[in-house]
S.K.: 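Take a look at this one; I'll ask things after.
If you read the sequence from its start, that first residue is 1, and numbering goes on from there.
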Amino acid sequence: MDTATLREFTARFATAEEIDNWDKHVTANPNGGNMLQSDAYAEVKDGNGWLVRRLVIETADYASYNLLLEKKFPVLGRLWYLIKGPDAAEVSDIKPMLDAVAAFAREQKMNVFTIKIEPDVVESPEVTAQLKAVGLVKAPNIQSNDSTAVLDISAPANEVLRSISSRARNAVRRAEREGCEVLQEEAGEESYRKLYALMQNTVNAKGAMPLRSYEYYATFWGGFSNRGQGQFFFVYEDGAPSVGAFVINYGSKATYKDGGSTQNRKQYGDSHLVQWAAIERMQELGCVEYDFCGTPPGARIKDKTHPLYGLGSFKTSFTKTVTDFVGCYDLVLGPVRYKLWLKGAERVFRRLETMRTGGQFY
């Protein structure tokens, strides 16, 4: 869309009716929404270091429903974080959408010094140039799936199986042949404890990022599961859980959100079979894409020094293409305060929050 025909947007907080039907509205967004904009995720974040607001950005052609996470700081004012948003029909809509949000923040006297965004827009030199040209400032990425592997699962299951690499396909078939069985289990403390222990096992063995608290995950898993948007899958070896996964079905998108396993397992292909069972279940639930949620960036997918190399290698056995999203950008509304933020305020506030809560800042 050329700049002469830029759409005009307005922004407002959602009505009570819209909040009651939040997921229906979000999944009708131009890009189908994102599970991090869901009602379940709002429940996880609200009061967990953030105030959650629900923002509607509208133009004549469409409305975009987005979660807005807010933190308030002494001296600086408010930071607004449009997590995985704004959901825009076109890249050229992002700036006028943000202009509307900034105008709304001023009208409401919110004293917002920065609006942080991370739209699900695939990175390219052209897109990067476009975002910078409208004054957006690149910020460090936050979400684990800013680079990820996404598998198209819209075709029948046998065609999807044929589309994955021979390595993954052979692993799935061998595991099935050798009697490996994937069980889908009910949400509840038993499933939560089992999966958390498997995740802890993987973190300890691989030296990956430390986990959030068990309580955080239990709230997260429960929120999605209670809404029919989360499924647990397990494989057992010698009577004990050996591989586990939690997969989210949100609108037409599936996301392999959490997983873990024991080390030195005897069953070949068990982790591939868990993913395959999850993919088939997600198809039954109406999903057409499956996000493996986190790989190294495309340029580093073969870099063995990258901390996500092993996970990336497993995930890209299902789909070779790595999708790199643009990640985080900041719209600066208070330049002096933003400079303070960059020069150390953010670092200080992050450290204080970790000391106070033991949790992560974002």
S.K.: Can you sort out the partners of Arg12 under salt bridge (Lys or Arg N to Asp or Glu O under 4.0 Å), two or more places apart, ordered by chain and number?
M.R.: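 Partners of Arg12 under the salt bridge (Lys or Arg N to Asp or Glu O under 4.0 Å) test: Glu18, Glu58.
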
S.K.: Would you check if Met282 and Leu285 make a side-chain contact, meaning some heavy-atom pair closer than 4.5 Å?
M.R.: yes

S.K.: In chain order, what residues pass the side-chain hydrogen bond (donor to acceptor under 3.5 Å, both in side chains) check against Asp324, with sequence neighbours excluded?
M.R.: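 Testing Asp324 for side-chain hydrogen bond (donor to acceptor under 3.5 Å, both in side chains), a comparison that skips the adjacent residues, returns Ser147.
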
S.K.: Over all heavy atoms of both residues, which pair between Glu176 and Leu273 is shortest? Give the atoms and the distance, please.
M.R.: CG-CD1, 3.5 Å

S.K.: Please answer: with hydrophobic residues joined when any side-chain heavy atoms are less than 4.5 Å apart, are Leu76 and Ile115 in the same cluster?
M.R.: no

S.K.: Indicate whether the side chain of Trp341 and that of Asp330 have a donor and an acceptor atom separated by less than 3.5 Å.
M.R.: no

S.K.: Side chains of Asp23 and Tyr250 only: does a donor on one sit below 3.5 Å from an acceptor on the other?
M.R.: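 There is such a pair between these side chains.
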
S.K.: Less than 4.0 Å between a side-chain N and a carboxylate O, is that true for Asp238 and Lys266?
M.R.: yes

S.K.: Specify the closest pair of heavy atoms between Ala245 and Val274, including all atoms of both residues, with the distance to one decimal.
M.R.: CB-CG1, 3.7 Å

S.K.: Roughly how far, to the nearest 0.5 Å, is CD of Glu70 from CG of Leu51?
M.R.: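 Going from CG on Leu51 over to CD on Glu70, the span is 5.0 Å.
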
S.K.: For the residue pair Phe73 and Phe349, does the interplanar ring angle fall in the parallel (under 30°), tilted (30 to 60°) or perpendicular (over 60°) class?
M.R.: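 Phe73 and Phe349: tilted rings.
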
S.K.: Test Asn249 against Tyr290 for side chain to side chain donor-acceptor pair (under 3.5 Å), laying out the working first.
M.R.: CA-CA 9 Å; Asn249 51 290; Tyr290 189 96; over 6 Å; no

S.K.: Got a sec, which pairs hit side chain to side chain donor-acceptor pair (under 3.5 Å) with one end in residues 157-168, sequence neighbours left out?
M.R.: none

S.K.: Would you please say whether a donor-acceptor pair under 3.5 Å links the side chains of Arg350 and Thr354?
M.R.: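 No, because no side-chain N or O of Arg350 sits under 3.5 Å from a partner of the opposite role on Thr354.
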
S.K.: My understanding is that only one of Glu237, Arg174, Gln267, His272 makes a side chain to side chain contact (heavy atoms under 4.5 Å, CB included) with Cys180; could you say which?
M.R.: Gln267

S.K.: From Leu342 CG over to Arg337 CZ, what is the distance, rounded to the nearest 0.5 angstrom?
M.R.: 13.5 Å

S.K.: Should the pair Lys71 and Trp50 be classed as cation-pi, given the thresholds of under 6.0 Å to the six-membered ring centre and 45° from the axis?
M.R.: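 Geometry flag: set, cation within 6.0 Å and 45°.
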
S.K.: With sequence neighbours left out, what residues match Lys132 under side-chain contact (heavy atoms from CB on, under 4.5 Å)?
M.R.: Thr128, Lys138, Tyr329

S.K.: Is any NZ, NE, NH1 or NH2 atom of the basic residue among Asp291 and Lys253 found under 4.0 Å from an Asp or Glu carboxylate oxygen of the other?
M.R.: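 Salt bridge flag = no for Lys253 with Asp291.
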
S.K.: When the ring centroid of Tyr216 is compared with that of Tyr214, is the distance short of 6.0 Å?
M.R.: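 That pair fails the under 6.0 Å test.
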
S.K.: Is there side-chain contact between Leu198 and Pro241, with heavy atoms separated by less than 4.5 Å?
M.R.: yes

S.K.: Go through Lys84 and Asp146 one step at a time and tell me if the salt bridge (Lys or Arg N to Asp or Glu O under 4.0 Å) criterion holds.
M.R.: CA-CA 9 Å; Lys84 283 294 173 184; Asp146 284 326; 3.2 Å; yes

S.K.: Does any donor atom in the side chain of Asp61 or Thr59 lie under 3.5 Å from an acceptor atom in the other side chain?
M.R.: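 There is no such pair between these side chains.
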
S.K.: Indicate if Leu6 and Phe9 have the same hydrophobic cluster label, given that clusters are the connected sets of ILVMFWY residues with side-chain heavy-atom separations under 4.5 angstrom.
M.R.: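 In one cluster: no.
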
S.K.: Between Met110 and Trp80, does the side chain to side chain contact (heavy atoms under 4.5 Å, CB included) criterion hold? Intermediate values first, please.
M.R.: CA-CA 10 Å; Met110 289 289 194; Trp80 275 8; 3.7 Å; yes

S.K.: Quick one: pull up CG in Asn34 and OG1 in Thr255 and give me the separation to the nearest 0.5 Å.
M.R.: 6.5 Å

S.K.: Is there a side-chain contact between Leu55 and Leu82, using heavy atoms and a 4.5 Å cut-off?
M.R.: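 Of all side-chain heavy-atom pairs linking Leu82 with Leu55, at least one is under 4.5 Å.
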
S.K.: For Glu186, is the CD atom crowded, meaning more than 12 foreign heavy atoms sit under 6.0 Å from it?
M.R.: no

S.K.: Among residues at least two apart in sequence or on other chains, which ones pass side-chain contact (heavy atoms from CB on, under 4.5 Å) with Val122?
M.R.: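 In terms of side-chain contact (heavy atoms from CB on, under 4.5 Å), with neighbours along the sequence ignored, Val122 is linked to Thr323, Phe325.
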
S.K.: How many angstroms lie between atom OG of Ser144 and atom CG of Leu308, to the nearest 0.5 angstrom?
M.R.: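 Here the interatomic distance stands at 8.5 Å.
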
S.K.: Once rounded to the nearest 0.5 Å, what's the spacing between atom CD of Gln37 and atom CH2 of Trp22?
M.R.: 8.0 Å

S.K.: Grab the two heavy atoms, one from Thr319 and one from Ala149, that are nearest each other, plus how far apart they are.
M.R.: CG2-CB, 3.6 Å

S.K.: Indicate yes or no: does Arg54 engage Asp46 in a salt bridge with an N to O separation below 4.0 Å.
M.R.: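 Answer for the salt bridge query: no.
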
S.K.: Side chains of Leu131 and Ile94: closer than 4.5 Å at any heavy-atom pair?
M.R.: yes

S.K.: Between Val101 and Ile57, is there a side-chain heavy-atom distance shorter than 4.5 Å?
M.R.: yes

S.K.: Can you check side chain to side chain contact (heavy atoms under 4.5 Å, CB included) on Trp276 and Arg173, steps first, answer last?
M.R.: CA-CA 10 Å; Trp276 181 245; Arg173 287 180 169 151; over 6 Å; no

S.K.: Taking the basic N atoms (NZ, or NE/NH1/NH2) and the acidic carboxylate oxygens, is any pair closer than 4.0 Å for Glu284 and Arg281?
M.R.: yes

S.K.: Suppose we screen for salt bridge (Lys or Arg N to Asp or Glu O under 4.0 Å). Which residues come up paired with Glu190, at least two apart in sequence or across chains?
M.R.: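 Testing Glu190 for salt bridge (Lys or Arg N to Asp or Glu O under 4.0 Å), a comparison that skips the adjacent residues, returns Lys194.
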
S.K.: Side-chain contact, heavy-atom cut-off 4.5 Å: Leu68 with Val52?
M.R.: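 Leu68 does not reach Val52 side chain to side chain.
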
S.K.: Do the side chains of Glu280 and Gln275 get nearer than 4.5 Å, heavy atoms only?
M.R.: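 Not touching, per the 4.5 Å side-chain cut-off.
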
S.K.: Can a donor-acceptor pair be found between the side chains of Ser64 and Asp87 at a distance below 3.5 Å?
M.R.: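 Absent: no donor and acceptor within the cut-off.
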
S.K.: Which value, rounded to the nearest 0.5 Å, describes the distance between Ser213 atom OG and Tyr196 atom OH?
M.R.: 6.0 Å

S.K.: Specify the closest pair of heavy atoms between Ser242 and Asp270, including all atoms of both residues, with the distance to one decimal.
M.R.: OG-OD2, 4.5 Å

S.K.: Would you call the rings of Tyr256 and Phe292 parallel, tilted or perpendicular, where under 30° means parallel and over 60° means perpendicular?
M.R.: perpendicular

S.K.: Looking at side-chain heavy atoms only, is the closest gap between Glu118 and Cys328 below 4.5 Å?
M.R.: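 Of all side-chain heavy-atom pairs linking Cys328 with Glu118, at least one is under 4.5 Å.
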
S.K.: For residues Asn264 and Thr262, is any side-chain donor paired with an opposing acceptor at under 3.5 Å?
M.R.: no

S.K.: Does the plane of the ring in Phe246 sit parallel, tilted or perpendicular to the ring in Trp221? Use 30° and 60° as the thresholds.
M.R.: tilted

S.K.: Phe224 and Phe220: aromatic ring centres closer than 6.0 Å?
M.R.: yes

